[in-house]
There are 2 protein chains.
Amino acid sequence: MKYIEKLRNSGLRPTKQRLKICEVLFNSEKTFHFTINELDKKIKKQISDKISLATIYNTVHAFEKKGYLKQIPINSNQTYFDTNISDHHHFYDLKEEKLIDLENADVGPINILKKINGKKIKSVEVLVKLED
Amino acid sequence: MKYIEKLRNSGLRPTKQRLKICEVLFNSEKTFHFTINELDKKIKKQISDKISLATIYNTVHAFEKKGYLKQIPINSNQTYFDTNISDHHHFYDLKEEKLIDLENADVGPINILKKINGKKIKSVEVLVKLED
DNA sequence: CACCTTTTTAGAATCATTATAAACTGCGTC
DNA sequence: GACGCAGTTTATAATGATTCTAAAAAGGTG
């Protein structure tokens, strides 16, 4: 299994559940956006054994902390995650309620001129809302 | 009352509750960020009569729909609103869990190069996360 | 004032997320 | 392989923001 080492290297035990979640998240051709609820459904479809919802929450948060997933800053009743951890931004189609990737090159350089004492910039995230 | 007309012009009846919420939101020197919970406390402090939490939710949403308030896109368990409706962005101090305004001039022009068929851009919002 | 619509309200309902505490498992050691 | 223990998983309960409900109250017009 290719994910065993990845998990071990992060100090996460490669449990059955985590390995399966890895497959669902990272084995696909394309990166994708998901909510916990959507991920839960996807897992149910792809595997026979059941993984508890609590475990899915735990795992997603663990992966996010390790940098294998990113949260997408958007106002929604559910939290959106992204398997694309490269530096990029998002369109949000208000009508379809769908996220679309915006590569960094599609946005151009962003230059934050204001500085805050003693703080450094961890990330710069752009959300572009779309309407018809 | 200076807010009566404003409300009438938006098709909102100038009720006692809405006028008081207007005062709390729009009478201050500076604009500010708030959650519903924080607004509720602020209202309790400033006025004697009680305004139901449901009314605060209703009113904030009505004001947002009319463009008197903006939601700030950020992942949090609570929704953040902004009385500053000008085109601007935000720092988010992860440690203090505090939002700081970033004027448009502090960010520089943002040029979205990618186009989506049949959709137009409604807003471009930048969130800059800060760490120590 | 009468009437009708909009608004307010308390409380219940919803729903994502987190906490709990018991059972289980990976893994190093013997 | 058995043992032991910390790290995990799990079902379930708890939490907490937000929305719903339906009845009472209040604007606004004639």
Side-chain angles (χ1 to χ4, degrees), chain A residues 1 3-25 33-44 47-66 68-69 71-81 97, chain B residues 1 3-25 33-44 47-66 68-69 71-81 97:
Chain A
M1 296 283 237
Y3 298 115
I4 290 183
E5 244 181 309
K6 180 176 179 174
L7 290 174
R8 276 223 189 83
N9 292 338
S10 330
L12 298 172
R13 283 195 186 162
T15 63
K16 284 194 201 85
Q17 292 85 346
R18 284 178 179 159
L19 290 171
K20 288 188 173 169
I21 294 173
C22 274
E23 282 175 36
V24 174
L25 289 177
H33 311 120
F34 65 93
T35 62
I36 296 286
N37 190 38
E38 290 165 355
L39 179 59
D40 187 36
K41 281 186 202 150
K42 202 165 182 171
I43 290 169
K44 280 196 176 70
I47 67 173
S48 45
D49 322 14
K50 186 195 170 194
I51 297 182
S52 144
L53 189 57
T55 300
I56 297 176
Y57 273 98
N58 289 341
T59 303
V60 165
H61 286 140
F63 286 3
E64 196 221 342
K65 194 167 289 173
K66 297 299 179 183
Y68 302 143
L69 290 173
Q71 255 191 260
I72 303 171
I74 187 177
N75 281 115
S76 169
N77 51 334
Q78 291 172 97
T79 304
Y80 276 84
F81 294 90
E97 293 189 5
Chain B
M1 296 282 236
Y3 298 115
I4 290 182
E5 245 180 309
K6 180 177 180 173
L7 290 173
R8 277 224 186 81
N9 292 340
S10 330
L12 296 172
R13 283 190 185 166
T15 63
K16 282 196 201 84
Q17 291 86 344
R18 285 178 179 159
L19 290 170
K20 288 189 173 167
I21 293 173
C22 274
E23 281 174 35
V24 174
L25 289 177
H33 311 121
F34 65 93
T35 63
I36 297 286
N37 189 38
E38 288 165 356
L39 178 59
D40 187 36
K41 280 188 203 148
K42 202 165 184 172
I43 289 169
K44 281 196 173 69
I47 68 174
S48 44
D49 321 13
K50 187 197 171 195
I51 297 182
S52 145
L53 189 57
T55 299
I56 297 176
Y57 272 98
N58 289 340
T59 304
V60 165
H61 286 141
F63 287 2
E64 196 222 342
K65 195 166 290 176
K66 296 298 179 185
Y68 301 144
L69 290 172
Q71 256 191 259
I72 303 171
I74 187 178
N75 281 114
S76 168
N77 52 333
Q78 291 173 93
T79 304
Y80 276 85
F81 294 90
E97 293 188 3

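Remember, it's a predicted structure, so these values are computed and weren't measured experimentally.
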Taking only side-chain nitrogens and oxygens of [X], does any of them come within less than 4.0 Å of OP1 or OP2 of [N]?
X       : N      : answer
B:Lys50 : C:dT8  : no
B:Gln17 : D:dA26 : no
A:Lys16 : C:dG26 : yes
B:Tyr57 : D:dT18 : yes
B:His61 : D:dT19 : yes
B:Arg8  : D:dG28 : yes
B:Ser52 : C:dT8  : no
B:Thr79 : D:dA17 : no
B:Thr15 : C:dT8  : yes

Report the residue (B:Leu12 or B:Leu53) whose heavy-atom-nearest nucleotide on DNA chain D is the more 5′ of the two.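 With B:Leu12 and B:Leu53 compared, the 5'-side residue is B:Leu53.
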Rounded distance in Å - [atom1] ([X]) to [atom2] ([N]):
X       : N      : atom1 : atom2 : value
B:Tyr80 : D:dT18 : OH    : C1'   : 16 Å
A:Asn58 : C:dT25 : CG    : P     : 17 Å
A:Ile4  : C:dG26 : CD1   : P     : 10 Å
A:Leu39 : C:dA16 : CG    : P     : 14 Å
B:Ile56 : C:dT7  : CD1   : P     : 17 Å
A:Leu19 : C:dC27 : CG    : C1'   : 15 Å
A:Asn37 : C:dA16 : CG    : P     : 6 Å
A:Glu38 : C:dC15 : CD    : C1'   : 15 Å

Gap between atom [atom2] of [Y] and atom [atom1] of [X] - 0.5 Å precision:
X       : Y       : atom1 : atom2 : result
A:Glu5  : A:Ser10 : CD    : OG    : 10.5 Å
A:Lys42 : A:Ile21 : NZ    : CD1   : 13.0 Å
B:Thr35 : B:Asn77 : OG1   : CG    : 9.0 Å

Donor-acceptor pair under 3.5 Å: do we get one between A:Arg18's side chain and the base of D:dT8?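 Flag unset: no donor-acceptor pair detected.
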Under a 4.0 Å threshold between the charged nitrogen and the carboxylate oxygen, would A:Lys20 count as salt-bridged to A:Asp49?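 Salt bridge: yes.
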Among [options], which is the nearest nucleotide to the side chain of [X]?
X       : options                : answer
A:Arg13 : C:dC27, D:dC20, D:dT10 : C:dC27
B:Thr55 : D:dG28, D:dT9, C:dT9   : C:dT9
A:Ile36 : D:dT10, C:dT8, C:dT17  : C:dT17
A:Thr59 : D:dC20, C:dT25, D:dT9  : D:dT9

Of A:Leu53, A:Val60, A:Thr59, which meets side-chain contact (heavy atoms from CB on, under 4.5 Å) against A:Tyr57?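 The passing option is A:Leu53.
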May I ask you to decide if the ring planes of B:Phe81 and B:Phe34 are parallel, tilted or perpendicular, using 30° and 60° as cut-offs?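 It falls in the parallel class, under 30°.
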